[in-house]
2 protein chains.
Amino acid sequence: MAPHRIVAMTRYTDSVRSSLRERVLDAAYGLVADAGWAGLRMAHVAERAGVSRQTVYTEFGSKDALGQSLVMREVDRFLDGIREVLDRYGEDLRGGVTAGIEFTLRTAADNDLLKAVLTSQRGGDGELIAHLTTRSEPLLDTATAMLGAYAAQAWPEVDEYSRELAVECVVRLTVSNIVQPVAPPEQTAQRIARIVTRVALLKDED
Amino acid sequence: MAPHRIVAMTRYTDSVRSSLRERVLDAAYGLVADAGWAGLRMAHVAERAGVSRQTVYTEFGSKDALGQSLVMREVDRFLDGIREVLDRYGEDLRGGVTAGIEFTLRTAADNDLLKAVLTSQRGGDGELIAHLTTRSEPLLDTATAMLGAYAAQAWPEVDEYSRELAVECVVRLTVSNIVQPVAPPEQTAQRIARIVTRVALLKDED
DNA sequence: TTCTGGACACTAATAGCGATTGTGTCAAGT
DNA sequence: ACTTGACACAATCGCTATTAGTGTCCAGAA
């Protein structure tokens, strides 16, 4: 019985802790959106999260570490979103790619933090991007690898080289359209998907 | 005779003036490369160009105007370079595109000013990019239009929509590879050219 | 004429310096 | 576990004096 209780208590503690982390992270996210990373005060984070300043420090250690966790959470959520979209479309890779691109464009449009990470843009207001040493630098690489895996599964008849080219196109053209948009996300997504389909389906003669 | 002499003198004066402008611009270019736009001193420009500070002011009016002329000259040279490459390859559009991309990648690699203009990157050391109001903002548009014209001439059998897609690909993928290079210019250029060829040649079925 | 060189007013960048504000840590209290 | 208050230390701010640079004018030389 004792072991069981210990386990139960540990789980309870863990869940409390993780919900605490989430609350703090939520608070930080909102405040960063308002005042930018430089304008963020640990005291405000604690206040908005409904905890003491000390708790924030014991949980995250420092402001920099809090920033790390913040962008890591955002990155993970984005990657999960992409995965979910791709899964939802199953064998229809073109549909999945279109939806994934649109999802990415919309995310970048209303999430300054992820936009900064996706476009690797330093400076500006996204000063916290100095913290992307952990899991956000290789964001695009991760996304590329993910997309490549789905492509290999859904389009086994396409040769590997063509798939590589196509995946590279998706990623680079999407980022390009985040930086310099010319049409609403939906149209842009369809346009890129069309381009990419051509790249994948045509085996050149030379 | 009098009119002739006047004309001759005017031409002489013009040529002196333009060579003066060039010298000053050359001096400014070198100094900007060393110390950045903010670190540039009009006195240094004059000194290196071998003229008095006053002459620089009478010729350009202000430091800002000098910056304008500087980026305009660089932009024009780049555009001329692209044109020349495209002309040299004549009907061989794929060869021309490949060479043009490589030219662009190499230019961006060793010309910070043009790199800043091409990637529209503000801030950083390219503080003078605040001056791209004249002929550099539409640089990419101009290049796109140019490429489109050549494409229409060399590939009349390709439908217009496909040509548009292909040209967009060339421009966006090239810029993308300036920002995030993964291979030397030559390889990258060939890769992009291959992608673009596929986009142009395949008419999709849907 | 065209360019030079020096003199000038005015403005922007710089350095120094309290005063303020915020980070990060500690210990005692709940 | 979390809070509260206190603290040392560092970064930032507002202010001032000073420097350095822009932009202009004009007398003189080529």
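Chain naming here is simple, since letters A, B, ... match the order of the sequence lines and numbering starts at 1 in each.
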In whole angstroms, the gap separating P of C/dG22 from NE2 of A/H44 amounts to 6 Å
NZ (A/K115) and OG (A/S120) are apart, to the nearest 0.5 Å, by 13.0 Å
Is any side-chain N or O of B/S62 closer than 4.0 Å to OP1 or OP2 of D/dT22?
no
Tell me, do B/R194 and B/R94 make a side-chain contact under 4.5 Å, heavy atoms counted?
yes
Please tell me whether B/T55 and B/S52 have a donor and an acceptor in their side chains that are separated by less than 3.5 angstrom.
yes
Can you tell me the distance, in whole Å, between the OH atom of A/Y57 and the P atom of D/dG5?
18 Å
Under the 3.5 Å rule, do the base of D/dG21 and the side chain of B/R53 count as making a donor-acceptor pair?
no
Within the modelled atom types, does a donor on one side and an acceptor on the other bring the side chain of B/Q54 and the base of D/dC25 under 3.5 Å apart?
yes
Atom-to-atom span, CZ of A/R41 to C1' of C/dG24 - whole angstrom
15 Å
Once you round it to whole Å, what is the distance between P of D/dT4 and CD of A/E47?
11 Å
What is the separation between atom NZ on A/K63 and atom C1' on D/dA11, rounded to the nearest whole Å?
11 Å
Using whole Å, what does the distance between atom C1' of nucleotide D/dC2 and atom CG of A/L20 come to?
10 Å
Which whole-number value in Å describes the distance from A/W37 CH2 to D/dT12 P?
14 Å
Report which part of the nucleic acid A/L66 touches: base, sugar-phosphate, or nothing (heavy-atom distance under 4.0 Å, all strands).
nothing
Starting at CZ of A/R21 and ending at P of D/dC2, how long is that distance when rounded to a whole Å?
12 Å
